[in-house]
Amino acid sequence: MTERIVTNTGPTKVAERIRSLLLDSLSATGGEMWIISPWLTDVDFSVSEAGHFASALGGSRERVLLSEVLEHAAERFDIHVITRPPHQLVRTSLLTRLQEKCTVYQRAKESESARQDATYEDIMAALLDEIEYLADEVVKHVSTLQCASNFLDAGADLLYRPSLHAKLFWTPFGAMVGSANLTHSGLFQNPELVLETSNDEQIENLRRAACDLAKGAEPRDDYQFYNLESIDLQSEVLDAIPPGHRRKVESLAPLLNRLSRS
């Protein structure tokens with residue numbers, strides 16, 4: 001195979017072809033691997049029909065996370081991941097507004113005089129609506145943060161490129177470039193247009209393009225998410241947030257710290 005087009009609308013999914021390249025990497029001698037995507041998800045792949053590759057991932061396995069495969073690949077490859085910086089995924093202004101609205105809600109809830117107001121119930125309902133909206137906006141891209149953290153743990157080199165739009169999955173023996181983000185929707189569901197190539201010249205050109213993108217990117221070890229210390233994300237402040245969102249909001253501080261320089 002030199003070239004093929006993958007769209008997710010036919011019998012072949014983008015995920016299947018990326019899985020194939022990933023599994024091939026487990027028996028390769030090494031080199032570089034590039035993952036470039038504005039948004040990320042630690043997707044899980046079926047490996048039940050992958051033969052000896054499944055055992056290489058730790059015994060009899062039905063499914064495996066992308067980060068698990070990368071952890072094994074990192075023993076042979078230098079893995080470079082370029083994605084958007086955390087401050088473009090989680091806006092500090094929204095975090096601040098969420099904290100402020102949660103604080104107002106808690107104070108009103110504890111105030112005897114506020115509860116005597118005829119409009120108390122309406123005000124509290126409006127506050128809860130706004131808190132839910134803000135929480136939803138704040139955690140919209142938490143999966144990208146979690147995935148980037150997982151990739152770091154797997155041994156990948158993480159770089160941030162503001163306003164990144166490019167998408168590329170690159171190995172020395174095959175590459176995929178096109179519209180699909182490295183997310184569950186991009187790999188399995190959305191109608192995408194992705195070129196898979198094993199042509200040596202195209203692979204080399206794509207590697208050079210990835211290196212050029214990296215030149216304008218900021219390494220995670222140089223990056224700082226500013227003013228995070230001024231935002232209180234403790235449990236008592238977040239009581240008004242719906243439980244599903246609350247767990248994600250509470251995870252933000254450790255994730256943002258993990259994805260910034262020490």
Side-chain angles (χ1 to χ4, degrees), residues 1-28 31-57 60-73 77 79-84 89 140-144 146-148 150-151 154 156 161 163-210 212-213:
M1 189 279 296
T2 300
E3 292 181 358
R4 99 170 72 203
I5 300 294
V6 187
T7 65
N8 278 346
T9 58
T12 303
K13 305 292 186 185
V14 177
E16 294 170 17
R17 300 309 309 151
I18 285 185
R19 179 192 65 181
S20 179
L21 290 174
L22 281 167
L23 294 180
D24 286 347
S25 73
L26 297 180
S27 58
E32 287 183 309
M33 184 181 294
W34 288 87
I35 296 172
I36 301 175
S37 180
W39 294 279
L40 303 165
T41 304
D42 199 356
V43 294
D44 65 325
F45 299 98
S46 171
V47 292
S48 57
E49 301 175 0
H52 72 281
F53 289 118
S55 61
L57 293 166
S60 179
R61 302 287 297 275
E62 291 292 322
R63 305 191 70 82
V64 63
L65 289 172
L66 172 57
S67 60
E68 293 181 89
V69 185
L70 291 182
E71 185 173 2
H72 287 272
F77 288 83
I79 302 173
H80 310 292
V81 177
I82 306 179
T83 191
R84 290 194 174 193
L89 303 174
K140 184 176 291 185
H141 300 299
V142 72
S143 64
T144 295
Q146 184 61 65
C147 186
N150 292 350
F151 287 179
R161 180 77 190 237
S163 302
L164 179 70
H165 191 65
K167 296 98 176 174
L168 172 69
F169 183 83
W170 190 97
T171 73
F173 37 85
M176 299 187 71
V177 61
S179 63
N181 284 293
L182 199 71
T183 62
H184 189 276
S185 296
L187 300 189
F188 291 94
Q189 297 174 336
N190 294 343
E192 305 286 357
L193 187 61
V194 177
L195 171 69
E196 180 182 2
T197 181
S198 58
N199 176 278
D200 289 341
E201 182 179 358
Q202 290 180 344
I203 287 176
E204 176 57 22
N205 288 338
L206 287 169
R207 187 195 68 81
R208 291 176 180 173
D212 286 343
L213 279 175

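Residues Leu70 and Phe77 fail the side-chain proximity criterion, which asks for heavy atoms closer than 4.5 Å. Taking the side chain as every heavy atom from C-beta outward, Leu182 and Leu66 approach each other to under 4.5 Å. At a threshold of 4.5 Å between non-hydrogen side-chain atoms, the residues Glu192 and Thr7 do not count as touching. Side-chain contact check for Leu195 versus Ile5: some heavy-atom pair is nearer than 4.5 Å. In this structure, the side chains of Val43 and Phe45 come closer than 4.5 Å at one or more pairs of heavy atoms.
Using a distance-only test at 3.5 Å, with no hydrogens or angles considered, no donor-acceptor pair links the side chain of Trp34 to the main chain of Arg207. A donor-acceptor distance shorter than 3.5 angstrom exists from the side chain of Arg84 to the backbone of Leu164, with no hydrogens or angles considered. Between the side chain of Arg17 and the main chain of Glu196, no donor-acceptor pair closer than 3.5 Å is present. Between the side chain of Lys167 and the main chain of His165, a donor-acceptor pair closer than 3.5 Å is present. For Ser198 (side chain) and Gly174 (main-chain N/O), no donor-acceptor pair under 3.5 Å exists by modelled atom type. Side chain of Ser179 to main chain of Leu193: a donor-acceptor pair is present (N/O by atom type, distance under 3.5 Å, no hydrogens or angles). Asn181 places no side-chain N or O within 3.5 Å of a backbone atom of Gly186 that could act as its donor or acceptor partner. Of the possible donor and acceptor atoms, one in the side chain of Thr83 sits under 3.5 Å from a partner among the backbone N and O of Pro38. Of the possible donor and acceptor atoms, none in the side chain of Thr197 sits under 3.5 Å from a partner among the backbone N and O of Glu3.
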Could you give me the CA-CA distance, side-chain angles and deciding distance for Phe169 and Leu22, then say whether side-chain contact (heavy atoms from CB on, under 4.5 Å) is met?
CA-CA 10 Å; Phe169 183 83; Leu22 281 167; 3.6 Å; yes
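Using a 4.0 Å cut-off between a side-chain N of Lys or Arg and a carboxylate O of Asp or Glu, Glu16 and Arg19 do not qualify as a salt bridge.
Atom CG of Leu89 and atom NZ of Lys140 lie 11.5 Å apart (nearest 0.5 Å). Within the model, atoms OG of Ser67 and CG of Asn150 stand 4.5 Å from one another, a figure rounded to the nearest 0.5 Å. Put simply, CD1 on Ile18 and CE on Met176 are 5.0 Å apart, with the number rounded to the nearest 0.5 Å. With rounding to the nearest 0.5 Å, the separation of CG in Leu206 from OG1 in Thr171 is 11.0 Å. Taken to the nearest 0.5 Å, the CZ atom of Phe151 stands 11.0 Å off from the CD atom of Gln146. Between the CH2 atom of Trp170 and the CG atom of Leu21 there is a distance of 11.0 Å, given to the nearest 0.5 Å.
Nearest approach of Cys147 to Asp42, heavy atoms of both residues: SG-N, 3.4 Å. The two atoms that bring Ala210 and Ile82 nearest to each other are O-CD1, 4.1 Å, heavy atoms only. Taking both residues in full, the closest heavy atoms of Asn8 and Lys13 are given as O-NZ, 2.9 Å, listed atom of the first, atom of the second, then distance. Residues Asn199 and Glu201 approach most closely at OD1-N, 3.0 Å, considering heavy atoms.
With 3.5 Å as the limit, one finds no donor-acceptor pair spanning the side chains of Ser185 and Thr183.
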